[in-house]
Amino acid sequence: MKNWRKGLIYWFSVNPVAANLLMVIIILVGLISLSSIRKEMFPTTQINMVSISVAFPGASPLEVEEGICLKVEQALNGIKGIDKITCTAAENFATVVIEVDDAYELGAVTNDIKNKVDGINSFPEQVEKPIISQLDITMQAIYVSVFGEVSPKELRQFAFDVRDEIIDIPGISTVKVEGARDLEVSIEVSENTLRKYSLTFDEIALAIRSSSMDLPAGAIKSKTGDILVRALGLADTQEDFGNIIVRSYANGGVLKLKDIATITDGFSESSRFAKFDGLEAISIRVNAIGDDDIIDVTDKVKKYVEEKQKHLDDNLHISHWSDISHYVHGRIDLMTKNLFLGALLVLLILTLFLRLKVAFWVMIGLPVAFLGTFMVMGYMGVTINMLSLFGFILVLGIVVDDAIVIGESAYKEIQEKGHTVENVVKGAQKVALPATFGVLTTVAAFVPLLFVGTIFGSFFEAIGWVVILNLLFSLIESKLILPAHLSHMKLTDLETDNPGFLLRIQRRVNLLLDNFIKNKYQPLLYKAVRRPYLATLVFVCVFVLSIVMLRTGVVRFVMNPQFSADYIYAQV
């Protein structure tokens, strides 16, 4: 055998302080990084799409198509980086979705689109200013509902007050009120009143339009700077509209809107309503976007709701529901449970065949690999989410394979030649190369997930990075840390005449395993080697049988597995 006093395995074996220091650094930095890594439902992904929304009040879909869609499409022709333009014409509204080539910078293309659309001067007069924005995925974090036995206006005002208070909480960036009806002031004038005062609807509408507006009035220059002047006259309440002057007379008299019209300050008509615990309700949706931590966001909202309810009257209530962080917590708990059970099973099973101390140090490879992955995840842009946690669960069963191989080889060398640093290093070096390549081939299988691209590329990257980092850190632990621990642990004599309970079990298990290998496995392996064509045919038949089971429906294929949902939806 080559000189065993070479290589990293030897160096770390004779310098156990360095191995322990490396392990402690990985564990401590991993724990610190774990607390700082952002947590979200799904990985953040960028959608290379630009949306243009244009309102055209009173227009039919055909008029929207001719007046907006065709003009926008013509204006955008020739812009570099645009893959596809889709315009949807609906009544009163047009939506244009532009797909941008991944090779072009989204911000630059968006600016070009904005310049072209702003330059269109042939829109119909009734068309409102186009709204241009990049499409972003907003992930719901939690819902807050306000409800109670109060008037609709009080409930609406309370909902918007709650929205303002929630968005002021540090770490929360997006809050939206849902289910609140728009305020509306209706003005009704009877036909008899119009005849009585010789008025027309157009005259009343012109008076309202002229009196209800905010107007800029220039600026006043002074030594300290310019003072902007603005006339604020926009009417938004029943009283404001009632005081609008419809007609002035020569004798100084005026005719106000409240003198001739019935003014109702209420809500716009809606075919929808929402109830919470049987009471009329309005919901506030809290989203987690960008760098928001979904668990941090939901915890802050739940704390706010709990404190807010303490200061409310008995006829007004606030509650939270649809907490999405519940799923993230569940996946974290599942990963933690599987990690604990996996480590325990590794320890128990290896204890039956190896020594307890050997099994313990092999088992340590699990938390070291996981914490090492957490240590690097943040630098790779990977967050703790449903997909990355699935990667941890996926790799759990293979992350200690190389440590088991190296630990077993070193233990066999100890059994045959005695417990010395030299024998441990030789045992590790015997299988170091095949164990390394075994891990690297698995890494190679997951590398393509890092280059999927498209909208869902970040989903596959989260799984790929977690699996690859776990396997690489398992290599570090099994090649550098494990041999150092095996070299300097204390073992009792295996051939003692007074074995303990555990040693007696190990001897019995090893005897059963040796009998199985000699009497069952080796004869079968010998026959397979002597008859290679027959052995190949058996495996080909198993493969064909698998295909037949898929084709005939014995093994069913479904797009999504059935699972129990957390909410019940009813549609009537």
Side-chain angles (χ1 to χ4, degrees), residues 42-43 330-331 334-335 337-339 341-346 348-350 352-353 365-366 369 386-405 408 431 433-472 474-475 512-513 515-565:
F42 292 106
R331 188 60 63 87
L334 178 62
M335 183 201 70
K337 180 180 178 181
N338 285 357
L339 175 61
L341 292 178
L344 182 61
L345 287 174
V346 168
L348 292 176
I349 293 174
L350 291 182
L352 296 176
F353 301 98
L366 267 174
M386 299 289 283
L387 278 302
S388 61
L389 291 174
F390 172 75
F392 279 105
I393 297 172
L394 179 68
V395 78
L396 184 63
I398 57 178
V399 76
V400 292
D401 286 355
D402 51 338
I404 292 174
V405 171
E408 193 277 335
V431 295
L433 189 61
T436 300
F437 277 100
V439 172
L440 293 180
T441 54
T442 307
V443 169
F446 284 88
V447 166
L449 294 181
L450 307 180
F451 306 99
V452 172
T454 72
I455 296 176
F456 301 103
S458 59
F459 288 29
F460 295 101
E461 285 182 31
I463 298 174
W465 275 122
V466 166
V467 173
I468 290 171
L469 291 174
N470 262 289
L471 293 174
L472 293 179
S474 74
L475 272 180
L512 293 174
L513 182 61
N515 290 334
F516 173 79
I517 292 174
K518 292 177 181 179
N519 300 326
K520 302 293 182 180
Y521 175 68
Q522 284 184 345
L524 182 62
L525 182 62
Y526 177 76
K527 292 177 181 179
V529 172
R530 291 292 300 270
R531 297 174 177 82
Y533 295 108
L534 179 60
T536 304
L537 180 62
V538 170
F539 285 100
V540 170
C541 290
V542 172
F543 175 73
V544 172
L545 180 62
S546 302
I547 300 298
V548 170
M549 294 175 69
L550 284 172
R551 291 288 186 179
T552 57
V554 176
V555 177
R556 294 188 305 117
F557 176 83
V558 293
M559 187 64 182
N560 293 308
Q562 294 183 353
F563 59 92
S564 58

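Just so it is clear, the structure is predicted and the values come from calculations on it, not from any experiment.
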> Which pair of non-hydrogen atoms, one from A535 and one from A528, has the smallest distance, and what is that distance?
Replying inline: CB-O, 4.1 Å
> How far apart are the C-alpha atoms of Q522 and Y526, what are their side-chain angles, what is the distance that settles it, and do they pass the side-chain contact (heavy atoms from CB on, under 4.5 Å) test?
Replying inline: CA-CA 6 Å; Q522 284 184 345; Y526 177 76; over 6 Å; no
> Rounded to the nearest 0.5 Å, how far apart are CG of L334 and CZ of F390?
Replying inline: 10.5 Å
>> What I'd like to find out is whether the side chain of L440 reaches to under 4.5 Å of the side chain of L475, using heavy atoms alone.
In response: yes
>> Distance check, rounded to the nearest 0.5 Å: I517 atom CD1 versus L525 atom CG?
In response: 11.0 Å
>> Run the side-chain contact (heavy atoms from CB on, under 4.5 Å) test against V400 and tell me which residues pass, sequence neighbours left out.
In response: V346, L366, I404
> Would you call V467 and V399 a side-chain contact if the rule is heavy atoms closer than 4.5 Å?
Replying inline: no
> Distance from L550 atom CG to R556 atom CZ, nearest 0.5 Å?
Replying inline: 12.5 Å
> Roughly how far apart are L471 CG and I468 CD1, rounded to 0.5 Å?
Replying inline: 8.0 Å
> What residues, two or more places apart in sequence or in another chain, satisfy side-chain contact (heavy atoms from CB on, under 4.5 Å) together with L449?
Replying inline: F446, F460, I463
> Rounded to the nearest 0.5 Å, how far does CZ of F42 lie from CZ of F459?
Replying inline: 6.0 Å
> OG/S474 to CD1/I398 distance, rounded to the nearest 0.5 angstrom?
Replying inline: 8.5 Å
> Which is it for L339 and L396 under the side-chain contact (heavy atoms from CB on, under 4.5 Å) test, yes or no, and what are the steps along the way?
Replying inline: CA-CA 7 Å; L339 175 61; L396 184 63; 4.0 Å; yes
> Is any side-chain heavy atom of I393 less than 4.5 Å from a side-chain heavy atom of R331?
Replying inline: yes
> What's the shortest heavy-atom distance between T552 and V548, and which atoms?
Replying inline: OG1-O, 2.7 Å
